[in-house]
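For the single chain, residues carry numbers from 1 onward in sequence order.
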Amino acid sequence: ELAEETDLQADLVVRIVMLLLLMLSIFSWAIIFEKITRIKTLNKLANNFENTFWSGIKIEKFSPSLGAIVTGVDLSKKINNEQFSDIFQAFLDHQVLFFQEQSEIPPDLHIEFGKKFGELHSHPAAPTMEGYPEIFEIHAHKGSKIANGEFWHSDVSCDKQPPLGTMLQLHILPETGGDTMFSNMY
């Protein structure tokens with residue numbers, strides 16, 4: 001009888017321990033579920049700001065391997081160091097940046113912005129803007145016999161050390177055509 005009572009007590013202890021473990025497990029899963037739910041909520045909030053920098057600039061990927069659309073900055077006005085830092089990081093991440101919603105950039109600010117990336121390159125055979133030899137000025141219309149870059153090319157790739165990049169500012173766009181294509185060499 002004593003052995004039977006001991007077996008019942010042992011069985012009861014095992015059941016209580018199992019019940020406690022089950023409760024602990026449920027409680028643990030409830031905590032984990034709550035944490036997952038919080039993380040998902042934070043991720044949703046973060047996705048709304050994922051591509052927005054503290055400077056107010058927003059970067060949206062243009063394609064899987066190359067390019068980003070940049071908004072939230074006006075290049076026709078001086079940009080501060082924080083804005084440039086965000087733009088430069090976007091350039092490193094995406095290689096080609098498309099700045100939308102821009103006014104015409106004055107030549108002096110265009111040059112100043114370009115110099116933030118490094119020394120400017122002067123194209124040896126390019127027509128330049130009067131008073132601004134750093135700016136290669138192209139004028140083409142439907143009657144033009146030659147349009148710069150009408151065939152595939154890489155700007156000044158013949159130089160021993162080609163420039164880091166090219167900054168294009170378009171003022172008059174054709175209704176169709178006139179597209180500039182880019183290639184990722186990485």
- With Phe62, which residues qualify under ring-ring contact (aromatic ring centres under 6.0 Å, His included), at least two apart? Phe98
- Note on the structure: Shortest non-hydrogen pair, Ile57 vs Gly72, comes out as CG1-O, 4.1 Å
- Note on the structure: Rounded to the nearest 0.5 angstrom, the CD-NE2 distance for Gln89 and His94 is 8.5 Å
- What pair of heavy atoms forms the shortest contact from Pro133 to Ser122, and how long is it? O-OG, 4.1 Å
- Message: Would you say Phe88 ends up clustered with Leu75 if hydrophobic residues are merged whenever their side chains have heavy atoms under 4.5 Å apart, either directly or through other cluster members?
- Response: yes
- Tracing side-chain links under 4.5 Å among I, L, V, M, F, W and Y, which residues wind up in one group with Leu120? Ile111, Met129, Tyr132, Ile135
- Query: Nearest 0.5 Å, what's the CD1-CZ distance between Ile69 and Phe99?
  - Reply: 12.0 Å
- Task: Starting at CZ of Phe113, measure out to CD of Gln83 and round the result to the nearest 0.5 Å.
- Result: 10.0 Å
- Step through the shown structure and confirm whether more than 12 heavy atoms of other residues, nucleotides or ligands are within 6.0 Å of CG on Asn80. yes
- Query: From Leu109 CG over to Lys78 NZ, what is the distance, rounded to the nearest 0.5 angstrom?
  - Reply: 6.5 Å
- Message: Would a single hydrophobic cluster contain both Leu66 and Val70, if residues Ile, Leu, Val, Met, Phe, Trp and Tyr are joined by side-chain heavy-atom contacts under 4.5 Å?
- Response: no
- Contact summary for Ser103 and Gln169, nearest pair of heavy atoms: O-OE1, 4.4 Å
- Item | Spacing of OG1 belonging to Thr166 relative to CZ belonging to Phe136, to within rounding of 0.5 Å | 9.5 Å
- Looking at side-chain heavy atoms only, is the closest gap between Asp74 and Gln102 below 4.5 Å? yes
- CD (Glu134) and CD (Glu112) are apart, to the nearest 0.5 Å, by 12.0 Å
- Side chains of Ile87 and Lys116: does their closest heavy-atom pair fall under 4.5 Å? no
- Please answer: with hydrophobic residues joined when any side-chain heavy atoms are less than 4.5 Å apart, are Phe84 and Leu92 in the same cluster? yes
